[in-house]
Amino acid sequence: MSVLCLNNLEKREGILDLGCELLGSLILAITTYNVALFANFPMTGFSGIAMILYRLFRIPMGLSVIFLNIPVAILCGRLIGKQFLVKSLRCMVLSSLMLDYIAPLMPVYQGDRMIAALITGALGALGYAMIYVRGSSTGGSDFIIMAVKAVRPHLNLGTIAFLSDVGIILIGGMIFKDLDGIVYGMIINLLFAMVVDKVILGMNAGKVALIVTDHGKMVAGEVDKCCMRGSTILSAVGGYQLEKKDVVMVAGSNKDIYQVQKQIREVDPGAFIIIMESNEVHGEGFHITRVAGG
């Protein structure tokens, strides 16, 4: 029975992986071909290089992405791991096919260039985030980004992506002598960094409340009752009168911590509450979204 359940779980995860890769690749293909390409933006990553080759030599962008990925996959494969590499190669093929065969069948956005930049940045980043969340990528600079992430796990994915793509944007802008395009490309790159970090870190993020009180056990009980979250009682000493205090520490979502704050204000008005942001919360009761096998 347990083996059967495990197999069913693996199948569901596999279907979810494929679904996110398909949808994320479709979003990326549309934003790249139907918005960015016709707005003449110098795009980021290997898509940016493929766009330069397309505008100069009319080489299909999806085909360029595949050929550009081969040496990078060989060099970065050991760092990023076999599972991530295999899933990324699958996603890379899907996104390349959609870029060359699906996106051209759809209407092209020909409106204001600034709006096109905002659409490209927001939707493109959402497409990347959907793919990253399932432990995959579209290859190219994603391989380099994830390899850096494996070596320096404390760095934000969006920050790594931003730094790695600035050079491509500058090259594209200089080749086509488009200073405005460089500005729009930087806006897109910044949106990519912000949205990717927000989506990925937002899935693991929460808040931590530190409640300084004379009634640690009672406060911990109220925390459990109001939002069913566990807590930790720490012993402390006040810095002014050196009186003994309890510090109740609890981690939860924004909603959880709001409920905790509201309840503690009612049952212990004298409590001192500190609420802090938490980028990631690991442990029982918290689902952790991992990228690149991290």
Side-chain angles (χ1 to χ4, degrees), residues 121-122 125-126 128-130 132-135 145-164 166 186-187 189-294:
L126 180 61
Y128 278 123
M130 290 182 65
Y132 289 156
V133 158
R134 299 308 302 174
I145 291 167
M146 293 302 184
V148 174
K149 180 71 173 175
V151 177
R152 295 287 187 270
H154 61 282
L155 295 178
N156 289 337
L157 287 175
T159 302
I160 301 170
F162 182 83
L163 295 175
S164 68
V166 166
M186 291 298 180
I187 292 173
N189 201 13
L190 182 60
L191 284 172
F192 275 7
M194 292 173 60
V195 176
V196 167
D197 276 346
K198 188 66 175 178
V199 172
I200 292 179
L201 290 180
M203 293 184 176
N204 296 338
K207 292 185 183 293
V208 174
L210 299 177
I211 306 164
V212 182
T213 177
D214 294 320
H215 313 287
K217 291 183 179 180
M218 184 268 289
V219 168
E222 292 295 329
V223 168
D224 182 57
K225 283 195 296 184
C226 75
C227 64
M228 300 181 66
R229 285 292 181 191
S231 59
T232 302
I233 302 176
L234 309 173
S235 297
V237 176
Y240 181 61
Q241 295 182 342
L242 302 180
E243 69 276 22
K244 291 185 179 181
K245 295 282 186 179
D246 293 325
V247 179
V248 180
M249 181 175 66
V250 56
S253 65
N254 292 343
K255 180 180 177 181
D256 291 336
I257 300 304
Y258 172 77
Q259 291 175 339
V260 167
Q261 183 183 22
K262 182 178 178 181
Q263 184 67 15
I264 299 308
R265 286 302 182 199
E266 293 179 1
V267 300
D268 187 6
F272 185 74
I273 304 175
I274 303 170
I275 298 176
M276 301 177 293
E277 296 288 341
S278 175
N279 283 339
E280 292 195 7
V281 183
H282 297 254
E284 185 177 354
F286 294 93
H287 173 72
I288 302 301
T289 301
R290 301 184 184 279
V291 291

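Side chains are part of it too, since the values below use all heavy atoms of this structure and drop only hydrogens, waters and symmetry mates.
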- Intermediate values then yes/no, side-chain contact (heavy atoms from CB on, under 4.5 Å), E277 and K207: CA-CA 5 Å; E277 296 288 341; K207 292 185 183 293; 2.3 Å; yes
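- The nearest pair of heavy atoms linking C227 to D256 is CB-OD1, 3.8 Å.
- The two residues V250 and G230 have their closest heavy-atom pair at CG2-O, 3.5 Å.
- With sequence neighbours excluded, the residues forming a side chain to side chain contact (heavy atoms under 4.5 Å, CB included) with M249 are V208, L210, T232, listed by chain and number.
- The side chain to side chain contact (heavy atoms under 4.5 Å, CB included) search around I273 returns I211, Q261, I264, R265, I275, not counting sequence neighbours.
- For the pair I257 and G252, the tightest heavy-atom approach, listed with the atom from each and the gap, is CD1-N, 3.9 Å.
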- Task: Could you give me the CA-CA distance, side-chain angles and deciding distance for C226 and V260, then say whether side-chain contact (heavy atoms from CB on, under 4.5 Å) is met?
- Result: CA-CA 7 Å; C226 75; V260 167; 3.9 Å; yes
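- K225 meets the salt bridge (charged side-chain N to carboxylate O under 4.0 Å, His left out) test with E222; sequence neighbours excluded.
- Qualifying side chain to side chain contact (heavy atoms under 4.5 Å, CB included) partners for E266, counting only residues two or more places apart in sequence or in other chains: K262, Q263.
- With sequence neighbours excluded, the residues forming a side chain to side chain contact (heavy atoms under 4.5 Å, CB included) with V212 are K245, V247, F272, listed by chain and number.
- With sequence neighbours excluded, the residues satisfying side chain to side chain donor-acceptor pair (under 3.5 Å) with D268 are T213.
- Contact between G216 and V248 at its shortest, heavy atoms only, is O-CG2, 3.7 Å.
- The two residues D214 and K244 come nearest to each other via the heavy atoms OD1-O, 4.0 Å.
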